[in-house]
Every structure is written in C-alpha cells, then in structure tokens.
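Some notes on the structure that comes next.
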Amino acid sequence: MRLEKSRRHKLRVHWPVSAETFDSLVASAGAAYLSEDLRPLRNVIETTSELGDFGAYTDVVEMSLGVETFLVGDSANATLGARGERCVSPTLVVTTYLSAELSAARVDQVISELVSAHPWEVPVIELSETVELVTSVSTERAEALA
C-alpha cells in the first residue's frame, strides 16, 4: 500500500430541503441525494467535471444534516418566510472538492453556477483554502502508477 496526497479546495454548499427530503436523509442518504430538492445542485455537480474529481472516482460529495435559522429582513425577497419572521429551514450541507490547480477564474465560474442554481436569495457557499487529502492506493495500483 502507498499513500497518495493531493491538494484540493473544500467546497461546502448549504442547501435547503423539504421536511420529507430531510426525513429521507435520516432514513437513507441515497434517497435524499436523488430527491427533486437537490436536482439543481446535482446537475451542477454532475456537469462540472472539476467538482468532486478524485481521478478514479468523480462527483464525490458528502452530506450532513443541518438546520438553518434566520430572521427575514425588510429588504429581503425571501423564498421562505415573510419580512420580520424568524424561519427554520431543514438543510443539507453538501461537501465536495475542487483541484487546487484550477485557476481562480474557473473556481469563480463554478461558484457562480452554484449560486445560480441555489434557491435562496443569499446562498451559503463556503470555499476553504487548500487542504491536503490523503488516500491509500493498493499495492497493485501503486505498482501500475510507478
């Protein structure tokens, strides 16, 4: 076995979902990811080759449960709630990765696609600085790569 290291940007998207989708994630993460709520996000991930690219595996994402709360401001054009109302939204936090070798312009373009697909007026999308991912490679694959 050999360890491989790769440099990636970590990209997290907070995506609101229906209570039914949230419940399905608790029961079965696969069903939630394939829900209609996440179709716009899936479309961006599946059509953007740089997202979740790990060579032998593509479209790699992790999901975790979340709950967003917010107070709708006077100038908001809210998708959920009304001005002055405190809202609670079931949310999935979807994490994927981008190669650290991508140009800043391409990273901005990918994030713009996510913003355009996002249902919220002000989406929460986090881009972390470069992280180093460590993966193991089987002896047979390591020999083939050498």
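FYI, side chains are in, hydrogens and waters are out, and symmetry mates aren't considered; it's all heavy atoms of this structure.
Side-chain contact between L34 and R42: present, with at least one pair of heavy atoms (C-beta onward) separated by less than 4.5 Å. The shortest distance between side-chain heavy atoms of S99 and R8 falls below 4.5 Å. Counting heavy atoms from C-beta on, the side chains of K10 and L127 never come closer than 4.5 Å. When side chains are defined from C-beta on, P16 counts as touching P119, because their heavy atoms get closer than 4.5 Å. Proximity of L11 to I111: side-chain heavy atoms (C-beta onward) are separated by under 4.5 Å at one or more points.
No donor-acceptor pair under 3.5 Å is formed between the side chain of H14 and the backbone N or O of V94. Proximity of a side-chain donor or acceptor of S89 to a complementary backbone N or O of T91 within less than 3.5 Å is not detected.
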Applying side chain to side chain contact (heavy atoms under 4.5 Å, CB included), run through E62 and Y97 and close with a yes or a no.
-> CA-CA 10 Å; E62 293 101 26; Y97 300 87; 3.6 Å; yes
With side chain to side chain contact (heavy atoms under 4.5 Å, CB included) as the test, would you mind laying out the steps for V115 and I125 before giving the verdict?
-> CA-CA 8 Å; V115 169; I125 299 174; 3.7 Å; yes
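Summarising the geometry, atom CZ belonging to R83 is positioned 7.0 Å from atom CG belonging to D74; distances are rounded to the nearest 0.5 Å. Within the model, atoms CG of L92 and CH2 of W15 stand 10.5 Å from one another, a figure rounded to the nearest 0.5 Å. A distance of 12.0 Å separates CZ of F22 from CD of E20, quoted to the nearest 0.5 Å.
There is no side-chain donor-acceptor pair under 3.5 Å between T21 and S24. A donor-acceptor contact closer than 3.5 angstrom is absent between the side chains of D53 and T58.
Residues V107 and V124 do not share a hydrophobic cluster, defined by chaining ILVMFWY side chains whose heavy atoms lie under 4.5 Å apart. Hydrophobic clustering (side-chain heavy atoms under 4.5 Å, transitive across Ile, Leu, Val, Met, Phe, Trp, Tyr) keeps L65 apart from F70. Hydrophobic clustering (side-chain heavy atoms under 4.5 Å, transitive across Ile, Leu, Val, Met, Phe, Trp, Tyr) keeps V93 apart from V61. Under the 4.5 Å side-chain heavy-atom criterion for grouping Ile, Leu, Val, Met, Phe, Trp and Tyr, V26 is connected to L38 within one hydrophobic cluster. Linking ILVMFWY residues whenever their side-chain heavy atoms come closer than 4.5 Å, directly or via other members, leaves M63 and W120 in distinct clusters.
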Expected list for residues 44-52: side-chain donor-acceptor pairs under 3.5 angstrom, two or more places apart:
| residue | atom | partner | partner atom | Å |
| --- | --- | --- | --- | --- |
| T47 | OG1 | N43 | O | 2.6 |
| T48 | OG1 | V44 | O | 2.7 |
| T48 | OG1 | E113 | OE1 | 3.3 |
| E50 | OE1 | R106 | NH2 | 2.8 |
| E50 | OE2 | R106 | NE | 2.9 |

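Here the rule is side chain to side chain contact (heavy atoms under 4.5 Å, CB included) with C87, and of L80, T79, T69 only L80 fits it.
For the residue pair D37 and S18, the shortest heavy atom distance occurs at OD2-N, 2.7 Å.
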